[in-house]
Amino acid sequence: SSTREILNLQVGQAGNQVGEMFWQMLLAEHGIDNSGAYHGNDPLQLQGAGVYFDEITDGGSTRYVPRSVQVDLDVGVCDKLRSGVLGNLFPPDTYLTSPFDAENNWAKGCAELVEAILDIVRKQAESCDALQGFQILHSLGGGTGSGFGSLMLSKLREEYPDRLMATFSILPSPKVSETIVEPYNAMLSVDQLVNNGDLTICIDNEASYDICTRTSKIKNPNFENLNNLISQAMCGVTTSLRFPGQLNGNLRKLEMNLVPFPRLHFLMPSYAPFYDPKAKHFEKNSVAELTEALFDRKNLLVACDPHFGRYLTAATIFRGDISSREVAVHDLQIKNSQHFVEWIPDNVSVSLFRVPPVVQTQSATALSNSTAIQELFKRTLDSFSVIFKRKAFLHWYTGEGMDLMEFTEAENNTLDLIAEYQQYQEATANDDAEEQHEDQPAQEE
Ligand code: GDP
């Protein structure tokens, strides 16, 4: 079968910093060095590599080049990337910067730059066998990743309506927050993601920070620490896209299995065991422990408690030398049946991949669609309301041509989203809401 490519777009500081680490881990998993040469020892490493890498053969040697566009309105971050370990791997014409900084303002995206990016994207898309979709890496709290990222998302949606739009979206937390207007930026972005995204993988700096301090025992975690564990989870989440397997082999199948209602596409990743790159010894966990951990809030990259909600769907991935007999996800579901909606049968999938992640011998990842995610939106909405009630800092946005209406709409749409999650949290198999019968997704092989 032909390769179905994914095009990565990393936008803004967080997007590019997380992206740099994600690509480093991806290279290592596929046995590719920083110059793009393959030195691996397992044919499985190359079998699905074309999903994320362009294979460039030149004079008998083959290089694997990340299919990625690096965007920032502030040249600093891209300059750091260029001079970093992967600097020579990304082709020079895939960097896009502008002399204008977004200055943490959602409204400061410029239209000319979007056109320039679409040109690069078109060129990349044309050289693909069959582009399956896009993945955008960005934060929602700043200006570029959130505002400009949203603008890109809507433009791509317009131009590629039948391609999948996945995002890895980093939500702000007061624990690592830099500016006071982050709740505005986040709220405006969530509103865009509801309408223009197909799969939003939520990464919450609050949860990432807590995992660093509690599990990895890092006293004052910096972005590098956060990004390290975020990248581990991203590699876990994308495993089924990059290695041959039965289930969830592309973004469309992931969407079909995980998103029962199009608006409710906000997914929470969990990962186990997190490792500390500086630790000398790695704990060996039993498969039962790994399974438990995936459904434990301590391993979730979103700061909310799944025990306060219900899982609509989940996809679990186990990596390493693990046999399907050891994986008892079904037993766990029966034991905790009140936390899984009963009106979507077989709503937790299990897939096994022999290739382990870098450094670790085994790992487990889950991507969950839980109604508990409403906690994340409530938290963001609460901090939004505190400043919006007083109309504080709004002139920065209206000065860039935004209307107050856009803020009110974003607020109302988020309230609706929260209500929808609550509705399906309370729904039972015996309700006669018709759409529950019609829209039931089938687990697809
Ligand atoms: P932009 O360049 O204008 O998109 O702004 P940023 O990406 O710096 O957005 C600011 C938000 O992203 C804040 O909530 C920061 O805490 C967060 N952030 C910035 N850099 C990083 C990073 O490298 N990793 C993580 N996890 N969060 C980041």
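Keep in mind the model is a prediction, meaning the values are calculated, not measured. Counting convention: from 1, in listed order, for ligands and their atoms alike.
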Numbered atoms and elements of ligand 1 in range of [X], under 4.0 angstrom, heavy atoms:
X: Gly145; answer: 1 (P), 4 (O)
X: Ile230; answer: 26 (N)
X: Gly142; answer: 3 (O), 5 (O), 9 (O), 10 (C), 11 (C)
X: Gly12; answer: 2 (O), 4 (O)
X: Pro172; answer: 14 (O)
X: Val176; answer: 16 (O)
X: Glu182; answer: 13 (C), 14 (O)

Between [X] and ligand 1, find which residue part has any heavy-atom pair under 4.0 Å and reply side chain, backbone, both or neither.
X: Ser139; result: side chain
X: Ile203; result: neither
X: Asn227; result: side chain
X: Thr179; result: neither
X: Gln17; result: side chain

Does the pair [X]/[Y] count as a salt bridge with the N-to-O cut at 4.0 Å?
X: Arg252; Y: Glu255; answer: yes
X: Asp382; Y: Arg379; answer: no
X: Glu20; Y: Lys80; answer: no
X: Asp198; Y: Arg157; answer: yes

Are [X] and [Y] side-chain neighbours, meaning at least one heavy-atom pair lies under 4.5 Å?
X: Phe53; Y: Leu27; result: yes
X: Ile230; Y: Phe168; result: no
X: Asn195; Y: Arg263; result: yes
X: Tyr52; Y: Pro66; result: no

For the 3.5 Å polar cut-off, considering only N or O atoms, please tell me whether [X] and ligand 1 meet it.
X: Ala14; value: yes
X: Ser177; value: no
X: Ser146; value: no
X: Phe223; value: no

| message | Quick one about Thr94 and Gln70 (side-chain donor to acceptor, distance below 3.5 Å, no hydrogens or angles considered), yes or no? | response | yes
| message | Can you confirm whether more than 12 heavy atoms, excluding those of Ile180, are under 6.0 Å from its CD1 atom? | response | no
